[in-house]
Amino acid sequence: MFNPKVLTLGFARRVATYKRATLLFTDPERLAKIATAAGGLQIVYAGKAHPQDEPGKALIQEVFADAARLSNDMLRVVYLENYGWDLGALLTAGVDVWVNTPRRPYEASGTSGMKAALNGVPSLSILDGWWIEGCIEGFTGWAIEDGANDAEEAASLYQKLESVIVPLYLDAPEKWAHVMRHTLAFNGSYFNTNRMVKQYSRNAYYPVKLIDRAQVREEVFAN
């Protein structure tokens, strides 16, 4: 059974090699130390590879193998089966931090992180796709700094976990709640279909000569 009081990381999406699902396991000893310092760490994986994506399927098998090898009393890693819309909705609402580790510049968008933000869940992510715009460091989540290779980016991921995220989660619940509210207020209010359709209508769908007459209503919110 999962412990609701233990920091839980979520990683759920279409499984492709560029998303680097095993980056979290680059340095198992350091990850184990972080889990111990946190009083426990839970990592929840879910996702499917394209039926013809053999490397993606092999990556899922690697995560299963790592989970079996590394899980202990302090670090629990699970891969949930039968990923679908319903499970995705539960995960984007039920974890504490949403993790995304794509290899730049291959992330087209990153909609799972946007869904997490709508639930007040901050992200820990590579600065690619939507996160380039959505990341306000320390307010809506945290950036994994660019590195020359996987090892350097994994080191940045670990550094953010052990020196920023874990202490904030354990020792400053009110500040953690502020991050959740900022995530919802800044990212949840902007990265949504309502705003997207209005922006397309205003900037793309109307010919330039009709822009002045195009009536695209947008809500005005109080400061």
*Asks:* For Ile144, does its backbone N or O pair with a side-chain atom of Glu153 as donor and acceptor, under 3.5 Å?
*Replies:* no

*Asks:* If only atom types and distance count, is the side chain of Arg14 paired as donor or acceptor with the main-chain N or O of His50 below 3.5 Å?
*Replies:* no

*Asks:* Would you call Ser112 and Asn100 a side-chain contact if the rule is heavy atoms closer than 4.5 Å?
*Replies:* no

*Asks:* Are Ile126 and Val15 connected, step by step, through hydrophobic side chains (Ile, Leu, Val, Met, Phe, Trp, Tyr) whose heavy atoms are closer than 4.5 Å?
*Replies:* yes

*Asks:* For Asp73, is the CG atom crowded, meaning more than 12 foreign heavy atoms sit under 6.0 Å from it?
*Replies:* no

*Asks:* Spell out, as yes or no, whether a donor-acceptor pair under 3.5 Å connects the side chain of Thr8 to the backbone of Val95.
*Replies:* no

*Asks:* Which residue pairs pass the side chain to side chain donor-acceptor pair (under 3.5 Å) test when at least one of the two sits in residues 120-129, sequence neighbours left out?
*Replies:* none

*Asks:* Check whether Phe25 and Leu59 end up in the same hydrophobic cluster, where Ile, Leu, Val, Met, Phe, Trp and Tyr are linked by side-chain heavy atoms less than 4.5 Å apart.
*Replies:* yes

*Asks:* So, are Glu162 and Arg30 salt-bridged, with charged N and O less than 4.0 Å apart?
*Replies:* yes

*Asks:* Would you confirm whether Thr17, through its side chain, and Gly56, through its main-chain N or O, come within 3.5 Å as a donor-acceptor pair?
*Replies:* no

*Asks:* How many angstroms lie between CZ in Arg13 and CH2 in Trp98, if you round to the nearest 0.5 Å?
*Replies:* 6.0 Å

*Asks:* Can you sort out the partners of Glu137 under salt bridge (Lys or Arg N to Asp or Glu O under 4.0 Å), two or more places apart, ordered by chain and number?
*Replies:* Lys160

*Asks:* Atom CD1 in Ile43, atom CG in Leu24: separation rounded to 0.5 Å?
*Replies:* 5.0 Å

*Asks:* Ignoring hydrogens and geometry, is there a side-chain-to-backbone donor-acceptor pair from Tyr79 to Gly47 under 3.5 Å?
*Replies:* yes

*Asks:* Quick check for you: to the nearest 0.5 Å, what is the distance between Thr22 atom OG1 and Asp66 atom CG?
*Replies:* 6.5 Å

*Asks:* How many angstroms lie between atom NZ of Lys115 and atom CG of Asn192, to the nearest 0.5 angstrom?
*Replies:* 13.5 Å

*Asks:* What pair of heavy atoms forms the shortest contact from Phe139 to His182, and how long is it?
*Replies:* O-CB, 3.1 Å

*Asks:* Could you pull out the closest heavy-atom pair between Thr101 and Lys19, with the gap in Å?
*Replies:* OG1-O, 2.8 Å

*Asks:* Determine whether more than 12 heavy atoms belonging to other residues, nucleotides or ligands lie under 6.0 Å from atom CD of Glu29.
*Replies:* no

*Asks:* Would the distance check show the side chain of Lys57 and the main-chain N or O of Pro51 forming a donor-acceptor pair, the cut-off being under 3.5 Å?
*Replies:* yes

*Asks:* Same cluster for Trp176 and Leu124 if Ile/Leu/Val/Met/Phe/Trp/Tyr side chains link at under 4.5 Å?
*Replies:* yes

*Asks:* Distance from Gln42 atom CD to Leu75 atom CG, nearest 0.5 Å?
*Replies:* 9.5 Å

*Asks:* Minimum heavy-atom separation for Ala143 to Trp131, with atom names?
*Replies:* CA-NE1, 4.0 Å

*Asks:* side-chain contact (heavy atoms from CB on, under 4.5 Å) for Phe11 and Val77? Distances and angles first, verdict last.
*Replies:* CA-CA 11 Å; Phe11 190 105; Val77 184; over 6 Å; no

*Asks:* In sequence, state the C-alpha distance, the side-chain angles, and the governing distance for Thr193 and Val197, and then conclude on side-chain contact (heavy atoms from CB on, under 4.5 Å).
*Replies:* CA-CA 6 Å; Thr193 304; Val197 170; 4.0 Å; yes

*Asks:* Side-chain heavy atoms nearer than 4.5 Å, only ILVMFWY residues, links allowed to pass through others: does that put Leu184 and Phe186 together?
*Replies:* no

*Asks:* For a quick test of reading the model, state the closest non-hydrogen atom pair linking Ala67 to Ser71 and the distance between them.
*Replies:* O-OG, 2.7 Å

*Asks:* For Tyr45 and Ala21, indicate whether the former's side chain and the latter's backbone hold a donor-acceptor pair under 3.5 Å.
*Replies:* yes

*Asks:* For the backbone of Tyr190 and the side chain of Arg195, can you confirm whether one donor and one acceptor N or O come within less than 3.5 Å of each other?
*Replies:* yes

*Asks:* Would you kindly confirm whether Leu41 and Leu91 end up in one hydrophobic cluster when ILVMFWY residues are joined by side chain heavy atoms under 4.5 Å apart?
*Replies:* no

*Asks:* How far does CE of Met74 sit from CD1 of Ile34, to the nearest 0.5 angstrom?
*Replies:* 14.5 Å

*Asks:* Give a yes or no on whether Phe64 atom CZ has more than 12 heavy-atom contacts from other residues, nucleotides or ligands under 6.0 Å away.
*Replies:* yes

*Asks:* Answer yes or no: is there a side-chain heavy-atom contact under 4.5 Å between Tyr18 and Glu107?
*Replies:* yes

*Asks:* Donor-acceptor check, side chain of Tyr158 to backbone of Thr26, threshold 3.5 angstrom: yes or no?
*Replies:* yes

*Asks:* Looking at side-chain heavy atoms only, is the closest gap between Leu87 and Asn82 below 4.5 Å?
*Replies:* no

*Asks:* Please confirm whether the backbone N or O of Ala89 pairs with a side-chain atom of Thr92, one donor and one acceptor, at under 3.5 Å?
*Replies:* yes

